[in-house]
**Student:** 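This structure is in structure tokens; I'll ask about it shortly.
Values below: every heavy atom of this structure, side chains too, minus hydrogens, waters and symmetry copies. Lettering of chains follows the sequences in order, A, B, ..., and the numbering in each one begins at 1.
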Amino acid sequence: MSTTTLRTQTELARPSRHGARRTTFWIEVAASILVLALPAMIGSAYQLRLLQDVAIWSILALSLTLIFGHTGQISLGQAAFYAVGGYASAILQTALGVPAPIAWVVAIALGMGVAFVVSFPLLRIHGHFLALGTLALGLIVETLLVQLVPLTGGHDGILLPGAVQLGSWVQARFPYIVVGFLLLAYWLVRNLTQGGMGRAFFALRDDPAGAAALGVPVTRYKTFVFMIGGGLAAAAGVLYAHHTQVVTPDAFGFGTSIEVLLIVVIGGMSSRFGAIVGAAVIVFLPESLQFLQEGRNLVFGILVLAILLFLPGGLVGGVRSFAKTIMRRRTQETEVSS
Amino acid sequence: MTTFLQLAVSGIALGSIYGLIALGFLVIYHATGLVNFAQGQLLMAGAMATFVLLMQFGWGYPLTLLGVVVVALLLTVVFRYGIHRPMVKRGAPTENMVVATIAFGLVLTAAAELLIGNTRFGVDPILSGPPLNIGGVSMQAQSLVITVVAWALVGAVWFFFTKTLTGVSLRAVGLNRNAAAVSGVRVTRLITIAFALSIVVTAIGGMLVAPIIGAGPNMGLAIAVKGFAAAVLGGMSSVYRGMVAGLAIGLIEMLSSYYISSAYAPVIAYTILFFALVLMPARVRQGGIA
């Protein structure tokens, strides 16, 4: 299928109704404040852990939403940047004794740097082949994590005891940091994809040649998005390392890259809110249905196939079009009755 | 020298399997422009079916082969009519197709884990008995069987594509679908045939490789990536070049794991894939347009 074919499945960049964007903005602000207060409202440690899981997966999914949903560059190696963040932060803190905040910044910068460097070879290829290339990248990083034992600790990974690295005061308030990062990531993605730049992303996704002809710096934008995505994934890795207090290769392998992809598809490919919805689904669904534990991949695989076939906009896109249908029906009814 | 030759024999056998994956992968790619990420899981399905039919039901190899082909055809029906065609009809973009094939592979893996079990199962070789000894080089009979069967399959596929009307029509579909349709070729039916051919070949590859590396739900990815590497290294064009590239990758893998380091052998294959993709001519870089 050529890239110039009209997209019938994914949501197009819609011109929003007058005033709708301002309403959305205030809803987003209110929701952000609510989310920031969530850790204070949740009592049990178990639920707090789930909240952090959702937040970390959401950040990772936001990075893929930006790269995949908005600029159409499919990445099957998002776990590579996630790993760079997690391992860089862990190694800096344990082996070199760097204070946590500096290690975090360095790790995120490193994630962006790696994304910047690999974007040069990778962005020469498109579509299916980009998927293959990023798959290879993810597998290379995964193998290195296992094999570079002196640096990464091999299969055992690196222990990162929270109370030692962060101090007990910060460790107790770590959920706020995770949620804070999620909000930063959300607003970053929001602001990048609104306005002219967001429309340019959709344009270069749907028709790169056409976008270039209209003066969109296609390659520069793609590299930029890839870098930001790498940085977000690295940030998720940093948080994950402190959240679980250990980094092992299993958590940063091909399975993780696929899981992020599933999250993005379930939630809605080019929807920033969908990333969070998808993460919530993938965390809460197996928790609430314990009998699913065995067959969770089966359920998620079938769910994703069903969504691709019947609800290509994901859950968020589905709800959106459903709401639109209802609104339209209601206006029609009032017109008829009057 | 003996060590080298022994390594070379097993490298050629493994490489033939990679070549078969590349072949299955290219048949679908040429007919539809779709890169099928479930190829490795389809190989896994072939290997697991072999395990169940041969070891659990005790069917013996001839019947098992028949069973594996039937399983492959069933999977073809599910994949082609349950996923591929509906998505094409709905005009799904490339990325959605990629995700769909990945999800299909995930479902296959999870189903195999649930139904059969999540371990590596041993499978009896086709020819049992002590290792053969030819000129001081001892080799497993299975390696020879793999190589012979794989190349026989390639020969058969070559015959199909060049000497039969269906095969030639299928090539026409790959070159220009509309022109083929105008000339009276039944495009949808031929695409289904391409899917069936690809999946049957891949499943038989799984059947061949099962006695050497065992059958397990998660065996697919590692082999598939090398098969993809072979296809890309062969230029994504001809099936035979893909086969030769598969041999090269198999040889490099065996030799490097012995002479350099077994730990880094997979990295070499992944790196080959990465650089082959990036440095390939424009055809690959365009992507998705067949």
**Student:** For B/L273 and A/A136, which heavy atoms make the closest approach, and how far apart are they?
**Tutor:** CD2-CB, 3.8 Å
**Student:** Find out whether B/F274 and A/L132 are in side-chain contact, i.e. whether some heavy atom of one side chain is under 4.5 Å from a heavy atom of the other.
**Tutor:** no
**Student:** Against chain B, work out which of A/L139, A/V304, A/T143 has the most heavy-atom pairs shorter than 4.5 Å and name it.
**Tutor:** A/L139
**Student:** Of all heavy-atom pairs between A/L309 and B/R90, which one has the smallest distance, and what is that distance?
**Tutor:** O-NE, 2.8 Å
**Student:** So, for A/I125 and B/L277, which heavy atoms are closest and what is the spacing to 0.1 Å?
**Tutor:** CG2-O, 3.5 Å
**Student:** Identify the two heavy atoms, one from B/A103 and one from A/G301, that lie closest to each other, and give their separation to 0.1 Å.
**Tutor:** CB-O, 3.9 Å
**Student:** Less than 4.5 Å apart, side chain to side chain, heavy atoms only: is that true for B/I102 and A/L76?
**Tutor:** yes
**Student:** Using every non-hydrogen atom in the two residues, find where B/V98 and A/A131 come nearest and quote the distance to one decimal.
**Tutor:** CG1-CB, 4.2 Å
**Student:** Should we count CZ of A/F273 as having more than 12 external heavy atoms under 6.0 Å?
**Tutor:** no
**Student:** Of the backbone (N, CA, C, O) and the side chain (C-beta and beyond), which part of A/L303 lies under 4.5 Å from a heavy atom of chain B, both, or neither?
**Tutor:** neither
**Student:** Check whether A/L123 gets within reach of chain B through its side chain, its backbone, both or neither, counting any heavy atom under 4.5 Å.
**Tutor:** neither
**Student:** Compare all side-chain heavy atoms of B/V107 with those of A/N297 and state whether any distance is below 4.5 angstrom.
**Tutor:** no
**Student:** Taking side chain as everything from C-beta outward and backbone as N, CA, C, O, which of these in A/L130 sits under 4.5 Å from a heavy atom of chain B? Side chain, backbone, both or neither.
**Tutor:** neither
**Student:** What residue in B/V99, B/T271, B/L108 has the most heavy-atom pairs under 4.5 Å with chain A?
**Tutor:** B/V99
**Student:** Does OH belonging to B/Y258 count more than 12 external heavy atoms closer than 6.0 Å?
**Tutor:** no
**Student:** Go through the atoms of A/I258 and report whether side chain, backbone, both or neither lie under 4.5 Å from a heavy atom of chain B.
**Tutor:** side chain
**Student:** Carefully, step by step, assess B/E113 and A/L298 under the rule side chain to side chain contact (heavy atoms under 4.5 Å, CB included).
**Tutor:** CA-CA 9 Å; B/E113 275 179 13; A/L298 190 66; over 6 Å; no
**Student:** Heavy atoms, side chains only, cut-off 4.5 Å: are B/Y270 and A/E142 in contact?
**Tutor:** no
**Student:** Under 4.5 Å, counting heavy-atom pairs only, tell me which of B/L114, B/V267, B/I272 racks up the most with chain A.
**Tutor:** B/L114
**Student:** Quick check: are there more than 12 heavy atoms from other residues, nucleotides or ligands sitting under 6.0 Å from CZ of A/F322?
**Tutor:** no
**Student:** Non-hydrogen atoms of chain B under 4.5 Å away: do they reach the side chain of A/L261, the backbone, both or neither?
**Tutor:** side chain
**Student:** Under 4.5 Å from any heavy atom of chain B, what part of A/F254 do you find: side chain, backbone, both or neither?
**Tutor:** side chain
**Student:** Once rounded to the nearest 0.5 Å, what's the spacing between atom CG of A/L305 and atom CE of B/M87?
**Tutor:** 8.5 Å
**Student:** Any side-chain heavy atom of B/F37 sitting closer than 4.5 Å to one from A/L135?
**Tutor:** yes
